[in-house]
Protein chains: 2
Amino acid sequence: MKIGELATRTGCRVVTIRYYEREGLLPEPARSEANYRLYGEVHVERLAFIRHCRALDMTLDEIRALLACHDDPEGTCHQADILIDEHLMHVKARISQLQVLEESLVALRARCQGQRPAAECGILDALSRPPQETLSSEDAEHVPGTHPRV
Amino acid sequence: MKIGELATRTGCRVVTIRYYEREGLLPEPARSEANYRLYGEVHVERLAFIRHCRALDMTLDEIRALLACHDDPEGTCHQADILIDEHLMHVKARISQLQVLEESLVALRARCQGQRPAAECGILDALSRPPQETLSSEDAEHVPGTHPRV
DNA sequence: CTTGACCCTATACAGACTATAGGGTGTGTG
DNA sequence: CACACACCCTATAGTCTGTATAGGGTCAAG
C-alpha cells in the first residue's frame, strides 16, 4: 500500500509518517518504480504501536526504547516495565502540578467579576505583586504543556 | 540596574529577559555608555508580572493580552477576566485528559511484572494491538506536555 | 597587565511535528 | 489526446519558549 492508505488506516498524517521514518522509528519501506513508498502489514503494526505510545504521551525517545525491547524478543521486558513506571510517575507529577495551578487560577479569578476599570481589577493587581497566599505559586516553577499543539 | 541584577531579583535568566525584550513583552530599557541595558523598578514589576503569568502556564500571547489590559487603565478588565476563564478551562481539560491517560498507563503496567522474555511481555503486546478496553484511549487523541522542558 | 565576572550580538538547537515551495505520477473525463 | 485532479516526492522553514554556543567588548580587583 502507498503512504496515503497507511495514513488513513492508522489515523496518522502522511507527513508525520515520513517524519517518523527520518527519525528512525519506522523502517524505510520498499519503493515503487515511481519512487513511491510501499508499505506492508508490518508497517501498519509498527506505526500503530508508535501511535498508541504517543497517545500515552511518550516521547519519541521513549518509544525508540520500547521498540528496541520489542525488536529483541530474546531479551527481558524489564526495561519496558521500568520505562512505563517512570512515565507513569511523570504523568502523576504533572497532574499534581496542574491541580495546584488550577487552585491558583480559581483564586485569581475570584478577585474580579466584571466591568470595573482595569486599574481596579483584582486580577491584574494580584499578578503585579509578589506571589502571596492567593497566588500560592510560591517558588513559581513553570508547569508546561497546558496548551495543546494544534 | 544591569541585566544580571534584574535576573537575580526576579528569578529569571538573563537570556530569557533578552528574549522577552525581543518578543515585545518587556520595553527596551535605556543603555549605558558601554551599551549595557539599564533597568529600573518599572522593569522589575513588569517582569514579575510576566513570570507570575508564566508560572500559571499562560502563553506569551495571553500575557501580551493581559499586559495590554494592564497598560490601558481606562479600559475595563473584562478582557482579562475572559482570558483567565478560558485559561482555567484549558487547565481543567488538561487535568482530565491526563487522568484518563494515567488510568491507561496503570492498566498497561498491570499487564506485566517482571523478568519474562520480551516476547511474552503484556505491555509490549498491548501496545502492538488495536486499542482495546485495557488501553482505553479509544480515539487516541494525543495529550501533550507531560515531559517538562529542561 | 592580566584575570575573571559580567555584558553584547547573532545564530543554531530542542521536540514533535506542520506548512510551503516546486516538482513528478497516475487515473478519469471531455 | 489533452487536461484536471488527487496523490506522491524532496527540501526547507516555521511553530513555541526558551537554551546553548561562538565570538567579542567592558570593568574592577589583584
Side-chain angles (χ1 to χ4, degrees), chain A residues 1-26 28-39 43 47 50-65 67 87 90 94 140-150, chain B residues 1-26 28-39 43 47 50-65 87 90 140-150:
Chain A
M1 90 199 71
K2 283 182 288 181
I3 199 169
E5 192 182 337
L6 180 62
T8 50
R9 278 187 56 183
T10 54
C12 181
R13 302 213 180 160
V14 167
V15 282
T16 306
I17 296 176
R18 290 198 278 249
Y19 170 67
Y20 288 157
E21 182 182 321
R22 278 204 303 285
E23 290 295 306
L25 295 173
L26 270 180
E28 293 188 23
R31 295 283 184 139
S32 76
E33 287 192 0
N35 198 32
Y36 290 6
R37 289 172 179 81
L38 295 179
Y39 296 98
H43 298 92
L47 185 50
I50 295 169
R51 293 311 288 177
H52 299 156
C53 292
R54 286 297 292 138
L56 296 171
D57 200 32
M58 297 180 205
T59 65
L60 297 194
D61 274 345
E62 287 171 328
I63 299 173
R64 251 184 285 268
L67 284 170
H87 183 59
H90 285 154
R94 279 283 291 143
E141 286 274 323
H142 179 221
V143 178
T146 302
H147 303 276
R149 299 186 275 279
V150 191
Chain B
M1 90 199 73
K2 284 183 288 180
I3 199 170
E5 191 183 338
L6 180 62
T8 49
R9 278 188 54 183
T10 55
C12 182
R13 303 213 181 161
V14 166
V15 282
T16 306
I17 295 176
R18 290 199 277 249
Y19 170 67
Y20 288 157
E21 182 181 322
R22 276 205 303 285
E23 290 296 306
L25 295 174
L26 269 181
E28 293 188 23
R31 296 282 184 140
S32 75
E33 285 192 2
N35 200 32
Y36 290 5
R37 289 172 179 83
L38 296 178
Y39 296 97
H43 299 93
L47 185 51
I50 296 171
R51 296 308 289 175
H52 298 156
C53 292
R54 287 296 294 140
L56 295 171
D57 201 32
M58 297 180 204
T59 64
L60 298 194
D61 274 346
E62 288 171 326
I63 300 172
R64 251 184 285 268
H87 183 59
H90 285 155
E141 286 273 325
H142 179 221
V143 177
T146 303
H147 303 276
R149 301 188 272 279
V150 190

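Values below: all heavy atoms of this structure, side chains included; hydrogens, waters and symmetry mates excluded. Within every chain, numbering begins at 1; the chains are lettered A, B, ... in the order of the sequence lines, protein sequences first and strands thereafter.
- Contact annotation: B/T16 side-chain N/O to D/dT19 OP1/OP2 distance is under 4.0 Å.
- Axis angle, first five pairs versus last five pairs of the helix from C/dC1-D/dG30 to C/dG30-D/dC1: 30°, rounded to 10°.
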Readout for nucleotides 3-14 of chain C: B = base within 4.0 Å of protein heavy atom, S = sugar-phosphate only, - = neither; 5' to 3' it is ---BSSB-----
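- For the atom pair SG of A/C53 and NE2 of A/H87, the computed distance is 9.0 Å after rounding to the nearest 0.5 Å.
- You'll find the side chain of A/T59 stays beyond 4.5 Å of the side chain of A/I63, heavy atoms only.
- Contact between the side-chain N/O atoms of B/Y20 and the OP1/OP2 oxygens of D/dG18 is found at a separation under 4.0 Å.
- Partners of A/Y39 by ring pair (Phe, Tyr, Trp, His ring centres under 6.0 Å), not counting sequence neighbours, listed by chain and number: A/H43.
- Taking atom CD1 of residue A/I63 and atom P of nucleotide C/dG15, one finds them 13 Å apart after rounding to whole Å.
- For A/R54, counting side-chain heavy atoms from C-beta on, the closest listed nucleotide (C/dT18, C/dC17, D/dG18) is C/dC17.
- Judged as a salt bridge (Lys or Arg N to Asp or Glu O under 4.0 Å), and not counting sequence neighbours, the contacts of A/E21 are A/R37.
- For A/L60, the listed nucleotide lying nearest its side chain is C/dC17; candidates were D/dT17, C/dT18, C/dC17.
- Partners of B/A65 under the side-chain contact (heavy atoms from CB on, under 4.5 Å) rule, at least two apart in sequence or in another chain, are B/L83.
- Going from atom OH of A/Y19 over to atom C1' of C/dT20 covers 18 Å, rounded to whole Å.
- Taking SG of B/C12 as the reference point, atom CZ of B/R54 lies at 10.5 Å (rounded to 0.5 Å).
- Between A/S32 and A/V15, it is A/V15 whose nearest contact on DNA chain C lies nearer the 5' terminus.
- Remark: C1' of C/dC17 and CD1 of A/I17 are 13 Å apart, rounded to the nearest angstrom.
- Counting all heavy atoms, side chain and backbone alike, A/N35 lies closest to A/R31 at O-NH1, 2.9 Å.
- Shown here are the salt bridge (Lys or Arg N to Asp or Glu O under 4.0 Å) partners of A/R9, two or more places apart in sequence or in another chain: A/E41.
- Atom C1' of nucleotide C/dG15 and atom CE of A/M58 are separated by 17 Å, given to the nearest angstrom.
- Taking atom CG on A/L6 and atom C1' on D/dC7, their separation rounds to 15 Å, with Å as the unit.
- Listed by chain and number, the residues in a side-chain contact (heavy atoms from CB on, under 4.5 Å) with A/Y19 are A/R22, A/E23, A/L60 (sequence neighbours excluded).
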